Amino acid sequence: MSALRLWTPLLTVLLGSILFLASADRHVFPSAGILFVHELDRTYYLKAFPSNNGDARDDPVTFHAKLQDFPDLPRWLRYTQRSPYKNGYLYGSPLTTDIGMQVIEVSAYNRYTYETVNETIIFNIDSALDLQMPYMVEFFVKNHNVEEILPADTQQRFRLSLDSMWILAQHNIINITSALDRGGRVPLPIGDRKEGVYVKIGSDVPFPECLEAAHSQKNLEWCSLGAQPALPCYDTFALEKFRIDWCNITMIRSTSVATTELTPGDGVMEAGSEFNPPIDSPEERDFLTDYLITLLVPLLLALLLTLILSYIMCCRREGVDKRDAKTSDIQMLHHYTIHVNVEELREMASGRDVPRPLSTLPMFNVRTGERRSPMTQHRDSACVPLIMAQK
């Protein structure tokens, strides 16, 4: 009985983990051109951690999401989570090039126990062929962060505020972007300031007069002075506590609406016909001139630089100029005369025959009293020692 009590909690944890892994693969169905939001609920992942044991714990949880076999998310999908005690969100607007299946791997980390739980979310992206939104407008909401406007109930309140201004319009939220992703600055943590969110709306009905008036010349002057324009729909979003920057509104009109049916014409082949490509291009362009300019201009520049360098190194060697020729000749003559005078002095010194100074003669011999007269000496006595050896 005691062994059964010991193994019961362990079996419960293992069974819960097995059931979570068995149901880990989720299928979601985004549509191209429409905002998609998937909320990562913390409570859902907290129940799957083995150390939970079914307790109502509030451990901090963070998430890491990536495309299968890739280190990051696809370009259209973004992830945000304000703090480990808040839910995370995967959101974005897929393009037509993203149509198909994409597998996203999500890992949840328990920051207290360092446990992890993995989940696979399969995104089945399809095209919205019946959706035509030639009129798009982008609002800037100043008093919200991106994760505060991503929940479904907040988006619904935003659309309800828009319904009172854009009557009989079938509109959809195309995209939601944080102001930080548009180059905005992180707000100071003073007075609960928000980073701001851009919300893009698409509709099949032309813009109302209120939005058209936002871009009038008078209201643009108000915006240039730093004041909000006076519009009849200024307080439209105030009931739902959305502060709209009416000076930061972008309106886009699509010139053509995409049709699902093809009409025969240029580029559409008739049934049973064959495609005959043209032999020659209708616009033939001669690239010989471009080739010669590309090749000859660098060669001419290189030749010109070579000639300039040769003139400097050869024709102006050591800085000699014609104006300095006279000065150079005088200097050469001066050096030549010095050389001639030195040679002449050397020849005169080699042929002289004069008596040696008395200071170089032998001293008087005290013992013999002998002393040679320097006047009668005709041989070179340079080899005679100054002091003669004593006998």
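The model shown is predicted, which means the values in this text are computed figures rather than measured ones.
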Looking only at non-hydrogen atoms, find the nearest pair between K142 and K194 and report the distance.
O-CB, 3.7 Å
Taking the six-membered ring for Trp, are Y45 and F63 ring centroids under 6.0 Å apart?
yes
Flag yes if V37 and I201 sit in one hydrophobic cluster, no otherwise; membership is Ile, Leu, Val, Met, Phe, Trp, Tyr, and two members link when side-chain heavy atoms are under 4.5 Å apart.
yes
Flag side-chain contact, heavy atom, 4.5 Å: D98 against I125
yes
Donor + acceptor pair across side chains of S178, D181 (<3.5 Å)
no
Hydrophobic clusters here meaning ILVMFWY residues chained together by side-chain heavy-atom distances under 4.5 Å, can you tell me if L301 and L295 are in one?
no
Does a side-chain heavy-atom distance below 4.5 Å link D126 with S31?
yes
Please tell me if the side chains of Y112 and P60 come closer than 4.5 Å, counting only heavy atoms from C-beta onward.
yes
I need the minimum non-hydrogen distance between A65 and V106, along with the two atoms involved.
CB-CG2, 4.2 Å
Pairwise side-chain contact, I330 with H334, heavy-atom cut-off 4.5 Å (strictly under)
no
Can V205 be reached from L211 by stepping across I, L, V, M, F, W or Y side chains whose heavy atoms are under 4.5 Å apart?
yes
Determine, using the 4.5 Å side-chain heavy-atom cutoff (strictly less than), whether V103 and I121 are members of one ILVMFWY cluster.
no
Are E221 and K218 close enough, and set up right, to give a salt bridge (charged side-chain N to carboxylate O under 4.0 Å, His left out), and what steps lead you there?
CA-CA 5 Å; E221 293 178 357; K218 180 180 179 180; over 6 Å; no
How about R182 and T177: do any of their side-chain heavy atoms sit closer than 4.5 Å?
yes
Are any of the side-chain heavy atoms of I176 and Y89 separated by less than 4.5 Å?
no
Between R243 and V141, is there a side-chain heavy-atom distance shorter than 4.5 Å?
no
How about F123 and F29: are their ring centres within less than 6.0 Å of each other?
no
Testing the basics here: between C247 and Q228, what is the closest heavy-atom pair and its distance to 0.1 Å?
N-OE1, 3.9 Å
Do L162 and I249 share a hydrophobic cluster, counting only Ile, Leu, Val, Met, Phe, Trp and Tyr and linking them when any side-chain heavy atoms are less than 4.5 Å apart?
yes
Applying ring-ring contact (aromatic ring centres under 6.0 Å, His included) to H144 and not counting sequence neighbours gives F242
Distance to the ring centre below 6.0 angstrom and angle to the axis at most 45 degrees; does that hold for R42 and Y85?
no
Passes side-chain hydrogen bond (donor to acceptor under 3.5 Å, both in side chains), D163 versus H171? Steps please.
CA-CA 9 Å; D163 286 336; H171 45 71; 2.5 Å; yes
Decide side-chain hydrogen bond (donor to acceptor under 3.5 Å, both in side chains) for N175 and E138; before the verdict, give the C-alpha distance in whole Å, the side-chain angles of both, and the deciding distance to 0.1 Å.
CA-CA 9 Å; N175 198 6; E138 187 176 58; over 6 Å; no
Using a 6.0 Å distance limit plus a 45 degree cone around the ring axis, check whether R26 lies over the aromatic ring of Y44.
yes
Contacts of Y91 meeting ring-ring contact (aromatic ring centres under 6.0 Å, His included) (sequence neighbours excluded), chain-then-number -> none
Between N172 and S203 (side chain of the first, backbone of the second, donor and acceptor by atom type, cut-off under 3.5 Å), is there such a pair?
no
Parallel under 30°, tilted from 30 to 60°, perpendicular over 60°: which one fits the rings of F158 and F139?
perpendicular
Of all heavy-atom pairs linking N248 and Y198, the shortest is ND2-OH, 3.3 Å
Start with the C-alpha distance between R185 and E195, add both sets of side-chain angles, then the distance that settles salt bridge (charged side-chain N to carboxylate O under 4.0 Å, His left out), and finish with yes or no.
CA-CA 8 Å; R185 296 183 178 181; E195 61 193 31; over 6 Å; no
Quick one: does F49's side chain get under 4.5 Å of V61's, heavy atoms only?
yes
Which atoms form the tightest heavy-atom contact between E115 and P50, and what is the distance?
OE2-CD, 3.5 Å
Might you work through the side chain to side chain contact (heavy atoms under 4.5 Å, CB included) test for T120 and N118, ending with a clear yes or no?
CA-CA 7 Å; T120 301; N118 299 322; over 6 Å; no
Tightest non-hydrogen contact, residues L40 and N87, listed as O-CB, 3.4 Å
